Amino acid sequence: MAMVIQSLLDHLRTRLTREGAMTVADFMGEALTHPASGYYMHGDPFGAPSAAGGDFITAPEISQMFGELLGIWCVDTWMRLGKPDPCLLVELGPGRGTLMADALRATRLVPGFHDALKVQLVEISPALRERQRESLGAHRITWLDNVGQIPEAPLLLVANEFFDALPVRQFEQTREGWAERVVVLDDAGKLTFALAAPSPANRVLIPATLRDAAKGSLVEICPAALNIAAFLGHRLARQPGAALIIDYGPAASTPGPTLQALRRHKRHDVLEAPGTADLTAHVDFQSLAQGATAAGCTAHGPVTQGTFLKALGIEVRAAQLAESAPRAAAALTAARKRLTDPTEMGELFKVLALTPRDMPPPAGFESLSPPLSSHGEGG
Ligand code: SAH
């Protein structure tokens, strides 16, 4: 690990010596996905705080119920779409492959479903692809490098805690307008934050509702997330399908900063020892929904994860599992609570669904007021 830290730091210093400054998004991209020493590229960051460690834990790693319920959501949506065959089942950033394994196990008896599916995983990390291969050994899987490679076909897509790992740019409101926050080298050769000169061109990048935020406000935008939202919006305007995006962040665009580093379940300085800690930022669901709907689809939600999982029947599923394994009953109750309770993951985590324009709300979104199907508020 020491070599990894040194090599990524050396690489960043060389870049900064040459370029003077880099955006926070460039820094985040290098720290997470540099081919040799990026955080995701060389190991398995998942795990509970006790046991063998890990840096963070995600919903599918907390309980099998999460992936099972998402699998059932996929079957239900597939049926509402008229059982397209073939149908792509794509997951973005599958981590250990746990969600997909649970989803496929829970749906294996549904007539025709698995026969129609082509399972594809969008994963950048060779180490995690290997983990996914182990978890999903029994299934025919293909891997893609990026969303742009998803073939043109009916599509069910899920992404859990994928968008929070995509690089964000940060802008600060100054007296002279929006200035981009950048990473530079200080006199001692340490990485540090600085502000680039304000530019009127930055203003159009800021979500419309935040453009006139008070001086000193910091706003994060995620260009990669907006690109993917636009891709999905275009795709769902032409093909049957649905996408389910689950992540943490506010329903409406909100000033930050939210960029944080996590190592061994503890906050960590963002610029310290790049490559050794997970970096994430809150997902701006309003901007994602606007990007997708502007490209031609309908957005449903976001609803909170607690509302969504309850609507899909997590209570019934927990009771079923507890009946067949009474000794696990307490652990199942704890896991259900962790996933749904407002004081745990139930409220911070949101679920957004994207569908073609003429589709009624999918399972879990039925109780909502009319969907956001118009274009964003634009320039
Ligand atoms: N969905 C999993 C893992 C979340 S961690 C879970 O819920 O447990 C983020 C995942 O996205 C990892 O698998 C990581 O390697 C992958 N990832 C991060 N950036 C990526 C990118 N730019 N392209 C493709 N995959 C990426």
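In each ligand, atom 1 is the first atom listed, and ligand 1 is the first ligand listed. These numbers were taken from a predicted model, which means no experiment stands behind them.
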Legend entry - Criterion side chain to side chain contact (heavy atoms under 4.5 Å, CB included) against Trp73, the qualifying member of Val351, Leu312, Thr107: Leu312
Legend entry - Top protein contact for atom 19 (N) of ligand 1, by heavy-atom distance: Thr33 CG2, 4.0 Å
Inset, instruction - May I ask you to check if ligand 1 and Gly95 share an N or O to N or O distance below 3.5 Å? - result: yes
Legend entry - Atoms in ligand 1 flagged as close to Pro94, the criterion being non-hydrogen separation under 4.0 Å: 2 (C), 13 (O)
Inset, instruction - Have a look at ligand 1 and work out which part of Thr58, if any, has a heavy atom under 4.0 Å from it: side chain, backbone, both or neither. - result: side chain
Legend entry - Validation row: Leu157, Ile150 side chains within 4.5 angstrom (heavy atoms): yes
Inset, instruction - Write out the residue and atom name of the closest protein heavy atom to atom 11 (O) of ligand 1, then the distance separating them to 0.1 Å. - result: Gly93 CA, 3.2 Å
Inset, instruction - Quick one: look up the protein heavy atom nearest atom 23 (N) of ligand 1 and list residue, atom name and how far away it is. - result: Ile124 CB, 3.7 Å
Inset, instruction - Kindly check if the number of other-residue, nucleotide or ligand heavy atoms within 6.0 Å of CD (Glu323) is above 12? - result: no
Legend entry - Test of proximity, Glu123 against ligand 1: N or O pairs below 3.5 Å: yes
Legend entry - Any side-chain heavy-atom pair of Leu232 and Cys297 under 4.5 Å: no
Inset, instruction - Identify the protein heavy atom lying closest to atom 7 (O) of ligand 1, giving its residue, its atom name and the separation to 0.1 Å. - result: Asn160 ND2, 2.8 Å
Inset, instruction - Anything under 30° is parallel, anything over 60° is perpendicular, the rest tilted; go ahead and classify Phe365 against Phe308. - result: tilted
Inset, instruction - Heavy-atom distances under 4.0 Å are what count here, so tell me which part of Pro60 touches ligand 1: side chain, backbone, both or neither. - result: side chain
Inset, instruction - Scan side-chain atoms only and decide if Arg129 and Gln132 contain a donor-acceptor pair under the 3.5 Å cut-off. - result: no
Inset, instruction - Say whether Leu128 and ligand 1 are in contact under the criterion: heavy-atom distance to a ligand atom below 4.0 Å. - result: yes
Inset, instruction - Kindly assign one of parallel, tilted or perpendicular to the pair Phe56 and Tyr39, based on the angle between their ring planes and the thresholds 30° and 60°. - result: tilted
Inset, instruction - Enter the distance from Cys87:SG to Gln239:CD here, rounded to the nearest 0.5 Å. - result: 10.0 Å
Legend entry - Protein heavy atom at shortest distance from atom 9 (C) of ligand 1: Glu161 O, 3.5 Å
